[in-house]
Amino acid sequence: QVQLVESGGGLVQAGGSLRLSCVASGRTNSSYAMGWFCQGPGKEREFVAGIRWSGYSLYYGESVKGRFTISRDNAKNTVYLQMNSLKPEDTAIYYCAARIRTTRWNYIPRREDEYDYWGQGTQVTVSS
């Protein structure tokens, strides 16, 4: 059992920045991966970024490359999503997800069904 709690969402003007946090607790280990997804109004959930607890593998969705940065703090069991140059189309609920099943070395899961636990989401609204 893993619990995930997101925070840091809010209302921001286009071009602004937000930093989302996801704190993981419960049964965790150094082998699992973490990801961020977003779901806008009337849209499907989309992959934003992913990271493993160990190693150096990162993966970003095409729409956020160069603007968003995923990072981790293993000691705090926390993953962050730094969101810069925000656009109105970034408006969505952002979800943190965790995979506890093993994967091949350095693989970053990018599909919903590749993750095992989800947070409740945090709302990000970008005004024009």
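Every heavy atom of this structure was used, including side-chain atoms; hydrogens, water molecules and symmetry mates were not.
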Phe47 versus Trp36: any side-chain heavy-atom pair under 4.5 Å?
-> no
Cluster overlap Met83 with Val126, hydrophobic side-chain contacts below 4.5 Å | yes
Do you know the tightest heavy-atom contact between Leu18 and Leu86?
-> N-CD1, 3.9 Å
Would you name the heavy atoms of Arg52 and Arg104 that are closest together and state the gap between them?
-> NH1-O, 4.0 Å
Only counting residues at least two apart or in another chain, list the ones meeting side chain to side chain contact (heavy atoms under 4.5 Å, CB included) with Lys43.
-> none
Linking I/L/V/M/F/W/Y whenever their side-chain heavy atoms sit closer than 4.5 Å, directly or via other members, would Phe68 and Ile70 fall into one cluster?
-> yes
The complete set of disulfide bond (SG atoms under 2.5 Å apart) pairs with one or both residues in residues 45-76, sequence neighbours excluded, reads none
Val12 side chain reached by Thr125 side chain, heavy atoms, under 4.5 Å = no
Separation between CE of Met34 and CG of Leu81, rounded to the nearest 0.5 Å | 11.5 Å
Give every residue pair that meets the salt bridge (charged side-chain N to carboxylate O under 4.0 Å, His left out) criterion with at least one member in residues 116-128, sequence neighbours excluded.
-> Arg101-Asp116
Nearest 0.5 Å, what's the CG-OG1 distance between Leu58 and Thr69?
-> 9.0 Å
The complete set of side-chain hydrogen bond (donor to acceptor under 3.5 Å, both in side chains) pairs with one or both residues in residues 85-96, sequence neighbours excluded, reads Arg67-Asp90
Rounded to the nearest 0.5 Å, the CD1 atom of Ile108 sits from the CD1 atom of Ile51 at a distance of 7.5 Å
Salt bridge (charged side-chain N to carboxylate O under 4.0 Å, His left out) against Glu44, all qualifying residues, sequence neighbours excluded = none
Examine Val64 and Tyr59 and state if one hydrophobic cluster contains both, with Ile, Leu, Val, Met, Phe, Trp and Tyr joined whenever side-chain heavy atoms are less than 4.5 Å apart.
-> no
Which pairs, with at least one residue in residues 69-86 and sequence neighbours excluded, count as a salt bridge (charged side-chain N to carboxylate O under 4.0 Å, His left out)?
-> none
Would you list the pairs meeting ring-ring contact (aromatic ring centres under 6.0 Å, His included) in which at least one residue belongs to residues 102-128, sequence neighbours left out?
-> Phe37-Tyr115, Phe37-Trp118
Taking Arg111 for the side chain and Pro109 for the main chain, is one N or O donor matched with an acceptor at less than 3.5 Å?
-> no
Residue pairs involving residues 5-19 (criterion side-chain hydrogen bond (donor to acceptor under 3.5 Å, both in side chains); sequence neighbours excluded) = Glu6-Gln120, Ser17-Asn84
Only counting residues at least two apart or in another chain, list the ones meeting side chain to side chain contact (heavy atoms under 4.5 Å, CB included) with Glu46.
-> Cys38
Could you tell me whether the side chain of Leu20 reaches within less than 4.5 Å of the side chain of Val79, counting heavy atoms only?
-> no
With sequence neighbours left out, write down each residue that passes side chain to side chain contact (heavy atoms under 4.5 Å, CB included) with Asn106, or none if nothing qualifies.
-> Ser57
Which residue pairs pass the disulfide bond (SG atoms under 2.5 Å apart) test when at least one of the two sits in residues 63-110, sequence neighbours left out?
-> Cys22-Cys96
Members sharing Val23's hydrophobic cluster, built from side-chain contacts under 4.5 Å between Ile, Leu, Val, Met, Phe, Trp and Tyr, are none
